[in-house]
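Just below is one structure, and these are the notes that go with it.
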Amino acid sequence: MNITETLTTTVAAVLKQLYGIEQSADSIVLQDTRKEFRGDYTLVVFPYVKQARKAPEAVGAEIGEAVKAALPLVAGYNVVKGFLNLEIADSYWLQFVAEKAADGNFGLSTPAAESAPVVVEYSSPNTNKPLHLGHIRNNLLGWSVSQLLTAAGADVRKVNLVNDRGIHICKSMLAWLRYGNGETPESSGMKGDHLVGKYYVEFDKHYKEEVKQLMESGVEEEQAKREAPLMVEAQSMLKRWEEGDKEVRALWEKMNGWVYAGFDETYARLGVGFDKVYYESQTYLLGKELVQKGLGMGVLFRKEDGSVWCDLTGDGLDQKLLLRKDGTSVYMTQDLGTALLRHNDFGAERLIYVVGNEQDYHFKVLKLILGKLGFSWADKVYHLSYGMVELPNGKMKSREGTVVDADDLIDEMEKTAEEMSREHGKNDDLSDEERKHLYHILALGALKYFILKVDPTKNMLFNPAESIDFNGNTGPFIQYTHARIRSIVRKAEESGVKLTGNGEWKVMMTEKERGVVKALHALPETVMAAAAAYSPAMIANYAYELAKAFNSFYQDTPILRESDEQTKAFRVQLCAFVANALKNTMNILGIEVPERM
């Protein structure tokens, strides 16, 4: 039982003893005491005043006195109006450091034996373009949520669904046939995903010109968009693909191969990966089978033109297309098939989809249709909906070639990290190889932290210059704090400092030390709360607050210059404890922390 559970259990007993109030311990809320008041945890007593029939100050004093008498770890209390501030004895905090400081996995849990896995899907790229800034948020969020759930004790499987078929793929293929002159990644010197993306943009350019010409000849815009020769040919190519045309399939395999090689490079640079990769080309047929099953069950219907729909008007939505009139599938078709395949593969406790909030409607529909098809596990589907990444000059558009390419962004971040490191003189004693690695982890630390510190549900404005600052709420600030701490610990070890706590410390803590210990103490609860909310932002901001608390302590408190050997040893162990906590929290974010800078 942790301290908050101990306190709430005791408060529940005291309320019953003093006032006959029956309240469960888990319904009693303790807050961190505000910094301007003395104390560690605060209980709001206003809810109990009416039954106690006393003034708030009197109720607070009575509860405080009773809790203090029942728990030796409560050293004192004070009441400010209707707020009871409880002060925890230093002996508790010192014992906590003695017991937990050497635990390399502090704050992290292990999966329960035989627990059902949690499946997290993220990335889900289309094979008609390279990964861009929007994909970066998706990949970083998916990876970090997976790490976070693992840290909270879940058995997580990371999966990717590659959208490797569909009209968008055919657009790139057709443009390459028309305008590519046999260009390949080898002949062009371009990454394969960049090359294919180039022809996606090329298709759009020529398609718009065709639409313009048709409109100038008197055709209405919507009709012109449908009847433009390039679009008609792309639709024909998609139908031939679904019919298994050998030439179309061979071109598709070749160009997708180029893209996969490019994706793998980018994934490696971002430090993300997957336990299993699904391909839409392998799951859409299962989705089609489910559509036929739904027709047989009467939960789906066919229109006169041959298209198949699900009527969701009774659920407050509309009618949803599942098969086009020519028999080709849509995204929902393959998502039905993929969901069933994934459930069968893993028997998952939860199926989490990390997808932008523009797809909120899609996942409402997916859950409803799965339920109508008779799958009892439909309620296990969870859409982790996140906001868009925007730039100072607005939204990105892949077909117009106005995206921030992931590879280019990483290159630019590494260049900026090098410039700022040299400016701050933080790499003078490193070898060339060590410097290169440092620039990479600083760049990725800046990028990942800047994106992950924002609540997933919110839209965000990405500013590369702000992200890589060595001061403020940034990844490099926390990375530098870790490197500083490791330097202190190395110097202490070299000078022969002995960690002589032997299971307990008998030292007088300063307020700054106490603040650091309390911040460390909050890590396990923070991990569990962040996992419940699917919010790496809570971990990012915890790491920042811990780094701030340490730096405040470091500025005001002698460590290696401390004359009392017991106090010096305690402070060095506290430093090592903070470094480990920062390493564990930043690892949840997928961020490496350097040993030296």
Side-chain angles (χ1 to χ4, degrees), residues 1-100 504-529 532 538 541-542 545-546 548-549 552-553 556-557 570 574:
M1 186 180 292
N2 62 35
I3 189 171
T4 53
E5 290 173 339
T6 301
L7 287 172
T8 54
T9 299
T10 304
V11 168
V14 164
L15 288 172
K16 183 175 182 180
Q17 171 195 330
L18 293 178
Y19 312 118
I21 297 174
E22 297 276 358
Q23 187 162 359
S24 63
D26 58 9
S27 67
I28 294 171
V29 178
L30 293 175
Q31 306 168 352
D32 289 335
T33 301
R34 289 166 56 179
K35 291 181 180 178
E36 60 265 37
F37 301 115
R38 187 173 180 84
D40 298 299
Y41 299 99
T42 296
L43 175 71
V44 180
V45 301
F46 290 116
Y48 316 117
V49 167
K50 186 175 181 180
Q51 285 176 268
R53 297 180 180 179
K54 294 183 180 179
E57 290 84 350
V59 173
E62 287 180 350
I63 295 174
E65 195 61 39
V67 170
K68 183 173 180 293
L71 288 178
L73 62 82
V74 176
Y77 68 90
N78 64 83
V79 181
V80 181
K81 297 182 180 178
F83 300 91
L84 168 61
N85 302 318
L86 299 168
E87 184 179 348
I88 306 303
D90 278 1
S91 59
Y92 173 83
W93 301 118
L94 291 169
Q95 185 65 28
F96 161 70
V97 174
E99 291 178 358
K100 301 297 184 181
E504 64 177 294
W505 292 101
K506 296 187 181 300
V507 297
M508 293 289 292
M509 287 193 300
T510 67
E511 279 303 307
K512 295 290 177 72
E513 281 174 300
R514 211 167 185 272
V516 172
V517 175
K518 285 174 63 178
L520 288 164
H521 187 270
L523 178 55
E525 287 188 17
T526 302
V527 169
M528 298 308 292
M538 293 172 66
N541 288 290
Y542 168 86
E545 292 300 327
L546 177 59
K548 270 204 312 182
S552 179
F553 153 72
D556 291 357
T557 313
F570 172 75
L574 185 58

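Atom set for the values below is all heavy atoms of this structure, side chains included, hydrogens, waters and symmetry mates excluded.
Judged as a salt bridge (charged side-chain N to carboxylate O under 4.0 Å, His left out), and not counting sequence neighbours, the contacts of E545 are K548. Partners of D556 by salt bridge (charged side-chain N to carboxylate O under 4.0 Å, His left out), not counting sequence neighbours, listed by chain and number: K512. N78 meets the side chain to side chain contact (heavy atoms under 4.5 Å, CB included) test with R38, V80, N85; sequence neighbours excluded. Under the ring pair (Phe, Tyr, Trp, His ring centres under 6.0 Å) criterion, Y19 pairs with no residue, sequence neighbours left out. Every ring pair (Phe, Tyr, Trp, His ring centres under 6.0 Å) that F46 has, sequence neighbours left out, goes to F83.
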side-chain contact (heavy atoms from CB on, under 4.5 Å) between Y77 and V67, intermediate numbers included: CA-CA 9 Å; Y77 68 90; V67 170; over 6 Å; no
task: Under the side-chain contact (heavy atoms from CB on, under 4.5 Å) rule, what do V29 and V44 come out as? Steps first, then yes or no, please.
output: CA-CA 8 Å; V29 178; V44 180; over 6 Å; no
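Residues P72 and A89 come closest through the heavy atom pair O-CB, 4.5 Å. Nearest heavy atom pair, residue L18 against residue A66, reads CD1-CB, 4.3 Å. Considering all non-hydrogen atoms of both residues, S24 and A12 come closest at C-CB, 4.5 Å. When all heavy atoms of K68 and A75 are compared, the pair lying nearest together is CE-O, 3.3 Å. Of all the heavy atoms in Y542 and L523, the pair that sits closest is OH-CB, 3.4 Å. In terms of heavy atoms, L7 sits closest to L86 at CD2-CD1, 4.3 Å.
Annotation: the span from Q17 atom CD to I63 atom CD1 amounts to 11.0 Å, rounded to 0.5 Å. Here T8 contributes atom OG1 and Y41 contributes atom OH; the two are 11.0 Å apart, rounded to the nearest 0.5 Å. Between the CG atom of D32 and the CG atom of D40 there is a distance of 8.5 Å, given to the nearest 0.5 Å. Taken to the nearest 0.5 Å, the CD1 atom of I88 stands 9.5 Å off from the OG1 atom of T6. Within the model, atoms CD of E511 and CE of M509 stand 8.5 Å from one another, a figure rounded to the nearest 0.5 Å. W93 CH2 to H521 NE2: the interatomic distance, rounded to the nearest 0.5 Å, is 5.0 Å.
Here the side chains of V97 and L520 are not in contact, with every heavy-atom distance at 4.5 Å or above. Considering only heavy atoms from C-beta on, I28 comes within 4.5 Å of Q23 through its side chain.
Heavy atoms of other residues, nucleotides or ligands lying less than 6.0 angstrom from NZ of K518 number more than 12.
Remark: the T557 side chain and the E513 side chain contain no N/O donor-acceptor pair separated by less than 3.5 Å.
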Side-chain donor-acceptor pairs of residues 49-61 under 3.5 Å, sequence neighbours excluded:
| from | atom 1 | to | atom 2 | distance (Å) |
| --- | --- | --- | --- | --- |
| K54 | NZ | E62 | OE1 | 3.3 |
| K54 | NZ | E62 | OE2 | 2.4 |

